[in-house]
Each structure stands twice: as C-alpha cells, then as structure tokens.
K.L.:
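Below: one structure in structure tokens.
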Amino acid sequence: MIAQVYFWIFAAIAAACALGVMLSRHPINGAMSLIGTMVSLAGIFSLIASPFMATLQVLVYAGAVMMLVVFVIMVLNCAKDHSTPLFDGAGLFGVLPAAALGALLVRVFVGLDKQATVAMNPQAPRGDVDAISKTLFGAGQHTGGWALLFLAVGILLLTAIVGAVLLAKRHLDSPSEPATIEGGH
Amino acid sequence: MIEFDLPFILQCAKFLLAFVPLCFIPILIWGERRGASLIQDRLGPNRANIPLLGGLRLFGLVQNAPDGIKLFTKESFIPKHAHKFWYIVAPMIPLCIAFLTPSVIPWFAPMAVEGAKGIANVSGQILDADAGVLVLFALSGLSVYGVVLGAWASNSKYALMGGMRASAMMISYEVSMGLSVAGIFLIVGSFSLTNIVEWQAAHVWGIVAQPLGFVMFLTSLFAETGRAPFDVAEGDSEIVAGYFLEYSAIRFGLYYMGEYAHIAIASALVSTVFLGGYHMPWLGTEVIRANLGLVGGGLLAAIALLCIWIAYASNRWSNIYAKMNATDAAQRKLEYRVMTGLFSGLAVLLLVAGSALALFVHPQQVSVGGTEIWPLWVNLGTAAIQLGIVVAKTLFICWVFIWVRWTLPRFRYDQVMGLGWKILLNIALVNLLVTAVVAKLVKG
C-alpha cells in the first residue's frame, strides 16, 4: 500500500523530469532533470527489493556520470546557448528506439500477448549484494561467465581512457599552434 | 500492514538520530575558531556573552548565537546576472544531503526487543540496507552538485573556477576514497556498517587491520570535504572565495553549515569503519548490558572529573584575574565564581547519580517465549552509552580535521591532482590487491 504510494510519487517525478530533459532549452536544466529521473528510478529500484541496484544507480549515474556531464557543460560554457532548438537532426536517432520501446510496453500491458504478462514478486530479493556478486563474479559451472566479460569491458574502458589522454596530449603539446581562446578547430 | 508495536516505535524514534551531525555544527564552528587560536597562540572569539550573572561566555560557545542572528537577518543579496532558480536552490543541497547520509551509520549495537510478532531485532542504523556504506558514498557524492550549481549560477568567473575545481577534485578523490576503504569490506565481507563494527569488536579495530587504508581514507576525506590542505575550491589567495563568492547572509550560511555537517558525517564514518564505532576494548555490548550500572556510573564519574577540572580552572582564573588591573574585574570575577559553582555542583550531582547507578542497578535478563533477552531499559541505556562512545570518537576525528587544517599549508591545484591520481590511487590499488590475497589465503 505504502509502496504503491511511493511508486506513484517516484514515477511521477521520473516522468516529469524526463519531460524536462526533452523540453528544457538550457543544458544545465536538462542535466539536472536527468539527475532527477535517475534518482527517482533509484527509488523505484529500492521499492522492488533491489537496494543495491538503487545505490549503484545513484552512485554511478547520478553521482559520477552526470557530474562529468555537468562539468563538461560548465567548461564549454553552454550557458550562453539559451536558444538551443528543441529538436534537430540528431533527435531522429531517438525516434526508433522510443518507438520500439513503446511497442513493447503496449504489447505487454495492453495484453496483446498473454504469454508476456509481467509476473513478479516485488518482495523477492533480487538486486542485493550477494545475488549480484554471485551472478557477476561467480566462477563455478552454473554461472554465466560474466566475470570474463566484466574484465573485457574493463580493458575496453582503459583503452578508451588512454586514447582520450593521448588525443588531448597531442592537442595540448603541439607547439606550432598559437594559443587561442576560442579554439576554432 | 504496519503494526504499532515496540520495534516499529523504536524504528521511528531512530529517525531523531539524523539530527546528530547537525548538533555537531555549532560545536565544530566553535572548535575550529578556538582550535585555530590554540594552534596560532592566541585566544580566539571569547567575548560574546549572555548578559546574566556577570556575563556567561561558556568558553566562547555563545559566539555562535550572534553569528546565527547575523546570518539570518542580513540582506540576502542576489546578483543581477545570477541564474535565480539554481542560485537559490544550490545552497540547500549540501544541507539536505547532510540529513540523509547519517542514515547508515550505526550509533548503537543491534538490540532484541519484544514485538507483536515475537522478538524483533532493531539495529543501530536508521536504514538497514545491505548496501550499507555505499548509500553514504552515493548520497554524499550528490552534495557536490550544490557546490557546482551554486558556482555556475552565480555567473562569476572566480565562482565558476571554484566550482570546476571542486567537481574535478571530488571526482578524483572519490575513486581513491572508495578503493582505500574497500580493503575493510574485503576483510569483513560486508558493506553494512553494523557488520563492520561487529567484526572489529570480534577481532581488531580497522586502523590495526588496515593502517594504510586509514591514512588514505582520511586524506581522501580531507579532499572530499574541501578542507585545507585541499581547499583549492575555496582558495582565498587565488580565487577569492571560490564557489560561494557571490553568496551572502543565510545562503552563505547554508554552505557553511553544510560543510561542517559533512565533516561531522565524515568523522563519524572514519570512527565507525576504522576506530571500532560503538565498540570499546573490554566494553563489548554484552559487557555493557550485563554491568549497565557500573559502566554508566563510571562514565558519569568521568564526566564529573571533567566538570571538576573546569571548576578548578575557573577558580584559578578568577584568582589570576583578581590580581590584574582590568576594568571589568568585578564582572569577570562574578562570572568565574558562577562557573566554578555551576560545574562543582554538576560534578557533585553526576557523582551522586553515578554511585547510585553503580550500587543499585543490576540488570537481569527476562525470558520471552523461551529466549533470554534484556529488558528495554537496559537496551536503551546501553544505546545511550554507545551513542556517547561514537560521539566521543567522532569529536576526536573532528579535532584531527581542525588540527590538520591549521597545521599544513595549502597545496597547489596541480599538486592536489597529482597526489590524488599518481600517489593515493596507486597505493590504494596495491593495498587492495595485497588485502585481497591475504584475505583469500586466511579465509580460504
């Protein structure tokens, strides 16, 4: 009962903030709305007995990733662009996934397919530390072998970081370019 | 549905513990000023007084009252070019977070109480999640948005630079902070702070098990709270005051209070993870419960000793002051007399209460459905003593924060970044690796 009330509160905030991301013309407002969505999603995670997932959602997405986004917005000083258009060419890429997700949701909830009804017990622990660590890092026979994938992703991220540092270094150290404020390249 | 039985009432009452770090704020502000003065060989603010009985100054603690009144009544100015909405909202964020983060810190040991459905376990933390300390990290990571948004909304170059420094530093040091404390998680095998304290009670304190982790965690926390020697985000000599440059009155006060609340919570975390939390050597939870009268009496006697010392010092100062040719000699003499009387009376009261406790209080376990549990008043008394232990340890770490701030000079910005990424992170990684290998060998 109380869980349901909380669910509707979180869902309303998440939806409103998602709309805010789409409709806000100011990059900072958009970023803060996205943080609001993420935190409300974390609340919904903890309602379905996944407190660990909720914590990671706040820690990694709202705390670290969005911090970087806000940092970049501040460094590039997008604050001057008060007239960012709501929709541009890049927005078209979002249409297909959104349509696909919408179709899936309609299929599940309207009940076109009786097999695909959502059956879940919100009390069953699924996202706690123990379950996640056993699934993710378990090296036994009955685990999915996600540990290897996890390591592979780690190496991929490391490669990306090294690449980014290399690119930035070459740009900063090149002596032939005069130091410009706007940096028109 | 919800049953309004004893465990539920206790669970609700625990929410009051969210205010503990807030109570630290005035004590910390006072400690910062008088501590700085102590280190710099001066007196610090000790003039503000309550004009009663010769002007009670209470060691300078009264100074907080005029400061608060000033912050609340000054004009709260909003610069013309500021982004109004975020300018007003931003200072609220750190203080709001300060209410949420203490929810996972265990202030006392779990207690077994009789509920409607048999015996229920009430733990010492408000939020009994298995993600434990990660909740604290996650929420305190959000508090940097207050700094960054305020800096950006001020629309001032110095403030923006301060905000950017704050965000870069926060991202850098969060990594080494998490990795330096991960060794303890590996050894204990749990994120829950109650489990970590119970492990320390059963084995050794975290500072013995992970000395390197302790030093690195404390260093990262200095950076995380934006304290000197890592206060590059404020950097008075370089960027005036950093992120709160454009803030005045109570909006500045909110940042100020948020910073001190953050320090209090960080200190509580250090004392819980590395200094045994509510556990004292030879004073385990069961020992306190079985000898509640003796332990409580001893504690009251210790406080009484402190009061006697203050009364003695007041009396001594009264004599010294009488010999000086001061204009306010009569007033001061009266004040010191009042202090002497007050604290000696308090000491006598505490001693009487302590002896009564030690002599007449002998708790007995009661049987509930075949299980022996302690009665509620024993559990609550133990909880009060353990809360006192945590607060005492936290105050000590707070003093270390103040001590370090007024001892070390500020690092340059690039030095701070170099320390974070090139030194702390690597030591933390090696420490984690060694801990993992040892933990695997020992635990199997």
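Order of the sequence lines sets the chain letters (A, B, ...), proteins ahead of strands, with each chain counted from 1. The basis for the numbers below is simple: all heavy atoms, side chains too, and nothing from hydrogens, waters or symmetry mates. What you see is a predicted model; the values in this text were computed from it and never measured.
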K.L.:
If you look at every heavy atom in B:Tyr145 and A:Met67, which pair is closest and at what distance?
P.N.:
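What the structure gives for the nearest pair is OH-N, 3.0 Å.
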K.L.:
Quick check for you: among A:Val39, A:Val58, A:Leu68, which has the greatest number of heavy-atom pairs under 4.5 Å with chain B?
P.N.:
A:Val58
K.L.:
Around atom OH of B:Tyr413, are there more than 12 heavy atoms from other residues, nucleotides or ligands closer than 6.0 Å?
P.N.:
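Atom OH in B:Tyr413 is packed in, count exceeds 12.
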K.L.:
Classify the ring geometry of A:His26 against B:His83: parallel below 30°, tilted from 30° to 60°, perpendicular beyond 60°.
P.N.:
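Taking B:His83 first and then A:His26, their aromatic rings stand perpendicular (interplane angle over 60°).
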K.L.:
Quick check for you: to the nearest 0.5 Å, what is the distance between B:Phe137 atom CZ and A:Thr55 atom OG1?
P.N.:
12.0 Å
K.L.:
Please say whether more than 12 non-hydrogen atoms of neighbouring residues, nucleotides or ligands are located less than 6.0 Å from OH in B:Tyr255.
P.N.:
yes
K.L.:
Looking only at heavy atoms, which two atoms of A:Phe71 and B:Met164 are closest? And how far apart?
P.N.:
CE1-O, 3.4 Å
K.L.:
Under a 4.5 Å heavy-atom cut-off, does chain A meet the side chain of B:Phe85, its backbone, both or neither?
P.N.:
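When you check distances to chain A, no heavy atom of B:Phe85 falls under 4.5 Å.
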K.L.:
For A:Val70, is it the side chain, the backbone, both or neither that has a heavy atom under 4.5 Å from a heavy atom of chain B?
P.N.:
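Just its side chain gets close to chain B.
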K.L.:
Checking B:Ala168 against chain A: side chain, backbone, both or neither under 4.5 Å from a heavy atom?
P.N.:
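Backbone plus side chain of B:Ala168, per the 4.5 Å heavy-atom cut-off to chain A.
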K.L.:
Quick one: pull up CG in A:Leu56 and CG in B:Leu134 and give me the separation to the nearest 0.5 Å.
P.N.:
6.5 Å
K.L.:
Could you give the distance from CD1 (A:Ile28) to CH2 (B:Trp152), rounded to the nearest 0.5 Å?
P.N.:
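CH2 of B:Trp152 is found 5.0 Å from CD1 of A:Ile28.
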K.L.:
Step through the shown structure and confirm whether more than 12 heavy atoms of other residues, nucleotides or ligands are within 6.0 Å of CG on A:Leu101.
P.N.:
yes
K.L.:
Any chance you could measure A:Ile35, atom CD1, to B:Leu142, atom CG, to the nearest 0.5 Å?
P.N.:
7.5 Å
K.L.:
Counting heavy-atom pairs under 4.5 Å to chain A, which of B:Gly132, B:Ser143, B:Ser167, B:Gly141 comes out on top?
P.N.:
B:Ser167
